[in-house]
Amino acid sequence: MGKELSFQLLDISYEISNNKPIIMLWGRDRYNKRVTLTYSSFRPYFYLLLDEKADEEKIIKSIYKYSKQKSPILGVESLTLNYLGKPKKVLKITTTIPESVREYRETLSRIEGVKDVLEADIRFSMRFLLDKNLYPMRWYKANVNPIDKNPFIVDELYEINGDIVEDQEMVNVNPLEGLRIMAFDIEVYNPRRTPDPSRDPIIMISIRHSNEKDPIVLEAIGHDDSSLIQEFVELIKKEDPDIIVGYNQNKFDWPYLIERAKKHGIRLDVGRKNPSPPNMSVFGHYSIQGRLNVDLYDFAEELQEIKFKSLVEVSDYLGVMPKDKRVNIEWWQISEYWDDLQKRPTLKRYSMDDVNSTIGLAFKFLPFGAQLSIISGLPMDQVMAASVAFRLEARLMREAKKKGELMPNRTERQTETYVGGVVLKPHPGIHENVAVLDFASMYPSIMVKYNVGPDTIIEGEGGDCKNIYTAPEVNQKFCGDTPGFMKQVLQRFLRWRKEIKERMKSYEEGTSEYNLLNERQRAIKVLANASYGYLGWAAARWYCRGCAEAITAWGRDLIRRSIAYAKSIGLKVYYGDTDSLFVSNDEQKIQKVIDFVSKEMEFEIKIDKVYKRIFFTEAKKRYAGLLSDGRIDIVGFEAARGDWSELSKEVQTSIAKIVLRTGDPKRAVEYVKEVIDNLKNRKIGIDKLIVWKTLTKDISKYEAETPHTNVAKIMERMGYKVSPGNKIGYVIIKGPGSISKKARPYFTVGISDIDDNYYIDKQIIPAALRILGYFGITEKELKTGTRQPSLFDFFGSS
DNA sequence: ATCTATCGGGG
DNA sequence: GTGTACGATAGAT
């Protein structure tokens with residue numbers, strides 16, 4: 001009876017029905033029909049770790065005494081399982097309702113002879129995925145029976161009988177092929193700058209479907225967004241997307257929509273089972289039943305190459321939407337563009353550009369996200385919201401389960417510090433033609449080579465271990481007799497990645513097969529590279545501070561020896577940080593270093609990039625370089641943040657560009673003088689002089705006097721309501737007293753009121769000197785002397 | 001010199 | 001976990 005169904009697992013949830021949990025797997029079949037598969041015989045369980053000489057019979061009897069009627073204890077099984085490499089006696093307790101596990105954990109832990117409760121902190125859905133060895137985004141086969149009465153918003157509902165096995169035919173099929181993706185973005189009315197969902201309506205929602213060329217823009221009617229929200233919900237129901245993407249929607253769009261919907265009494269049924277509002281879930285993400293809500297900002301956070309990760313910047317950087325080809329509106333001008341009917345079409349185009357950027361980013365990022373799900377076992381809506389340590393831990397839990405190892409509990413610990421990587425003092429100044437050598441996966445390689453892990457670390461004397469590795473400096477020891485848990489996992493990753501890279505060779509670069517394999521090997525690399533940080537993370541189940549300390553010690557040793565060798569053959573070393581070396585780009589000598597590292601030390605180092613021109617300051621982790629393709633890397637010059645004026649941000653990036661492109665800091669000095677002149681001549685608009693700061697608490701609760709609290713008070717006197725979370729925009733005007741006393745709401749003053757000296761001394765000069773200071777240029781030089789007008793046009797800024 | 005407050009995304 | 005933690009910096013005192 002029944003039939004075999006091949007399905008792709010997208011998401012999992014469960015519900016309680018007749019006092020029993022029912023697992024629901026959300027996915028689609030080979031005909032691209034959306035399916036829900038239920039599994040009703042799975043029950044929650046956990047383990048009791050017993051004392052060596054505990055009286056098992058007696059313990060079992062008292063366990064049953066604690067059984068509660070609302071969730072009876074269904075079974076107690078006596079087992080011997082490995083715990084951190086050593087066999088232990090445990091009792092497996094099976095119960096009925098997942099939520100009762102927490103309570104049983106408390107009560108049963110008090111029984112005499114029970115040393116610890118294990119695996120009681122694993123969520124029920126994850127427990128199921130772990131036990132059945134299921135990875136979201138992969139394809140499986142199961143024997144199923146159709147269920148006629150289908151209350152879900154899917155094509156078919158089935159009940160699973162028996163086993164679920166991976167569908168080998170689908171392993172190399174693009175997991176996103178045929179899935180419906182919907183991007184959305186809301187615009188909010190914000191006349192008081194910081195929108196308040198209890199007051200300010202949503203004015204536009206832009207939506208773009210992956211298979212359609214043009215976005216749909218829903219608009220509010222005046223200041224009434226009730227029909228807009230209703231239409232949005234209807235549109236989701238109609239288009240029925242599998243994946244919903246946005247940019248920072250977990251922190252902004254969803255919470256805002258939820259508040260607005262609540263205010264209007266609208267049910268936000270956007271999932272595949274009613275009622276199904278977006279639900280706050282793990283890792284700060286909103287989960288939507290039956291769909292994957294993926295926040296693309298989580299992917300952007302991984303781009304270390306760019307400092308500002310706004311939708312506009314990220315889309316520009318990745319070539320999804322060039323900054324100069326889109327409508328740019330300052331966030332604080334949104335309401336003005338809505339109220340002015342002349343300007344409203346521009347706002348509409350802005351909103352469309354946003355959602356087009358969002359879907360563009362989805363095409364760039366999701367193939368990687370899908371592979372990360374396939375490798376880590378976390379659903380795609382969670383995997384990117386989770387930190388790298390959680391992603392690795394998800395995989396480690398599966399590896400432990402496969403080996404029959406008990407998982408350590410997550411416990412609260414104090415963070416203990418230890419010495420990190422080597423950071424050399426840079427050679428300040430401008431250097432031409434500099435190569436960056438990177439150790440390939442330095443820390444994972446160390447872990448494999450020296451069998452580092454929580455189950456191989458030797459506390460005290462070595463006992464009967466024959467093959468001991470001792471880390472330099474820190475004196476941590478590891479037993480090398482049998483491969484430990486971490487080493488086994490890492491070796492599996494390494495072998496897997498090698499095999500994938502081998503297979504990639506048989507495909508043309510850029511083909512879909514090649515891209516799929518490439519994203520998969522990247523996902524494996526990300527998990528492998530998280531392993532060191534994971535061991536040093538106090539909240540980790542397999543936390544091992546001694547391991548982390550030993551890994552960095554071996555790393556320091558490696559890089560020091562490489563530096564010494566490079567210098568011994570006459571290669572100039574400009575800078576080095578943890579696992580990278582900046583050296584003069586002398587190909588022959590670099591090859592010798594590469595050979596030395598691979599032959600003498602058995603590690604791999606390779607050229608990561610070559611800078612045509614680079615400048616270091618004497619500060620560590622701070623440099624800017626010009627790559628051969630004209631791109632510029634700016635690392636560590638972080639003054640230009642959101643709480644600086646536009647003007648100072650502009651000055652700083654222009655200076656880095658001028659210095660790197662011309663190699664002459666003097667030309668940047670001329671540029672700064674131009675800017676100062678323009679400011680004095682009132683040629684710079686007030687918009688560029690606004691400084692924005694957020695009120696984090698009630699004004700009365702501030703101990704210190706600050707510009708933005710003073711301005712908030714002024715605004716309050718003017719009749720504005722200011723509250724925590726509001727962004728206060730201010731400018732500094734001429735007059736006596738402290739800066740705070742001279743701060744005014746930007747919309748209350750004219751350009752002639754502006755205190756140019758403040759902007760020169762506190763905004764332009766510090767931003768400029770952050771870079772130019774390292775070339776011996778002083779404040780005085782920037783403020784005096786002649787200027788050459790032509791230079792201001794270098795970057796055409798105004 | 002010390003203390004308090006803010007940045008990161010979104011609108 | 002119904003997300004922090006972190007390192008850097010400005011301004012007041």
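Just so it is clear: chains get the letters A, B, ... in the order the sequence lines come, proteins before strands, and each one is counted from 1.
- For Glu703(A), taking side-chain heavy atoms from C-beta onward, the closest of the listed nucleotides dT9(C), dG11(B), dT4(B) is dT4(B).
- No donor-acceptor distance shorter than 3.5 angstrom exists from the side chain of Asp295(A) to the backbone of His285(A), with no hydrogens or angles considered.
- With hydrogens and angles ignored, the 3.5 Å screen pairs a side-chain donor or acceptor of Thr653(A) with a backbone N or O of Lys649(A).
- The gap from the C1' atom of dG1(C) to that of dA5(C) amounts to 14 Å, rounded to the nearest Å.
- Taking atom CH2 of Trp644(A) as the reference point, atom P of dT9(C) lies 9 Å away to the nearest angstrom.
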Practice task
Go through Arg127(A) and Asp121(A) one step at a time and tell me if the salt bridge (Lys or Arg N to Asp or Glu O under 4.0 Å) criterion holds.
Solution key: CA-CA 10 Å; Arg127(A) 180 83 264 175; Asp121(A) 57 352; over 6 Å; no
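- Contact of Lys762(A) with dG11(C) (side chain to base): no donor-acceptor pair of N or O atoms is detected under 3.5 Å.
- At least one side-chain nitrogen or oxygen of Ser738(A) sits closer than 4.0 Å to the OP1 or OP2 atom of dA12(C).
- Nearest nucleotide to the Ser740(A) side chain, out of dG11(C), dG9(B), dC7(B): dG11(C).
- Between His223(A) and Tyr189(A), the gap from one ring centroid to the other is short of 6.0 Å.
- Heavy atoms of Tyr189(A) sit nowhere under 4.0 angstrom from any nucleic acid atom.
- In this structure, Asn250(A) reaches neither bases nor backbone, as no heavy-atom distance under 4.0 Å exists between it and the strands shown.
- Arg770(A) has a side-chain polar atom (N or O) that falls below the 4.0 Å cut-off from OP1 or OP2 of dT9(C).
- Closest to the Thr696(A) side chain, of the nucleotides dG9(B), dG11(C), dT6(B), is dT6(B).
- The phosphate of dG11(C) (OP1 or OP2) has no side-chain N or O of Thr706(A) nearer than 4.0 angstrom.
- If you take CH2 of Trp332(A) and P of dG11(B), they are 16 Å apart, rounded to a whole angstrom.
- Residue Lys701(A) is out of contact with every strand shown, counting any heavy-atom pair closer than 4.0 Å.
- Per the geometry, NZ belonging to Lys649(A) stands 8 Å off P belonging to dG8(B), to the nearest Å.
- Within the 4.0 angstrom heavy-atom criterion, no nucleotide atom of any strand lies near Tyr256(A).
- Distances shown here put a side-chain N or O of Thr694(A) below 4.0 Å from the OP1 or OP2 atom of dC7(B).
- Taking the centre of each ring, Tyr730(A) and Tyr746(A) stay at or above the 6.0 Å mark.
- When all heavy atoms of Ala712(A) and Leu695(A) are compared, the pair lying nearest together is CB-CD1, 3.9 Å.
- Counting to the nearest Å, the C1' atom of dG11(B) and the CG atom of Asn328(A) are 15 Å from each other.
- Rounded to whole Å, the P atom of dT2(C) lies 24 Å from the corresponding atom of dG9(B).
- In this structure, the CG atom of Asn710(A) is 14 Å from the C1' atom of dA5(B), given to the nearest Å.
- Atoms CD1 (Ile202(A)) and P (dG11(B)) sit 12 Å apart, rounded to a whole Å.
- Residue whose closest nucleotide on DNA chain B sits further toward the 5' end, between Tyr702(A) and Thr194(A): Tyr702(A).
- Under the side-chain hydrogen bond (donor to acceptor under 3.5 Å, both in side chains) criterion, Ser13(A) pairs with Trp26(A), Gln289(A), not counting sequence neighbours.
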Completion exercise
Nucleotide by nucleotide, nucleotides 1-6 of chain C touches protein heavy atoms under 4.0 Å in the pattern (B base, S sugar-phosphate only, - none) BBB---
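- Atom CG in Asp225(A) sits roughly 14 Å away from atom C1' in dG11(B) (whole-Å rounding).
- The cationic group of Lys727(A) lies under 6.0 Å from the six-membered ring centre of Trp331(A) and within 45° of the ring axis, placing it in a cation-pi geometry.
- Taking 4.0 angstrom as the limit, Lys697(A) places a side-chain polar atom (N or O) nearer than this to OP1 or OP2 of dA5(B).
- Using a 4.0 Å heavy-atom criterion, one finds that Tyr337(A) contacts no nucleic acid atom at all.
- A straight line from CD of Gln333(A) to P of dG10(B) spans 16 Å, rounded to a whole angstrom.
- With sequence neighbours left out, Tyr759(A) forms a ring-ring contact (aromatic ring centres under 6.0 Å, His included) with no residue at all.
- Remark: ring of Phe252(A) not stacked against base of dG10(B); the cut-offs of centroid gap under 5.5 Å and plane tilt under 30° are not jointly satisfied.
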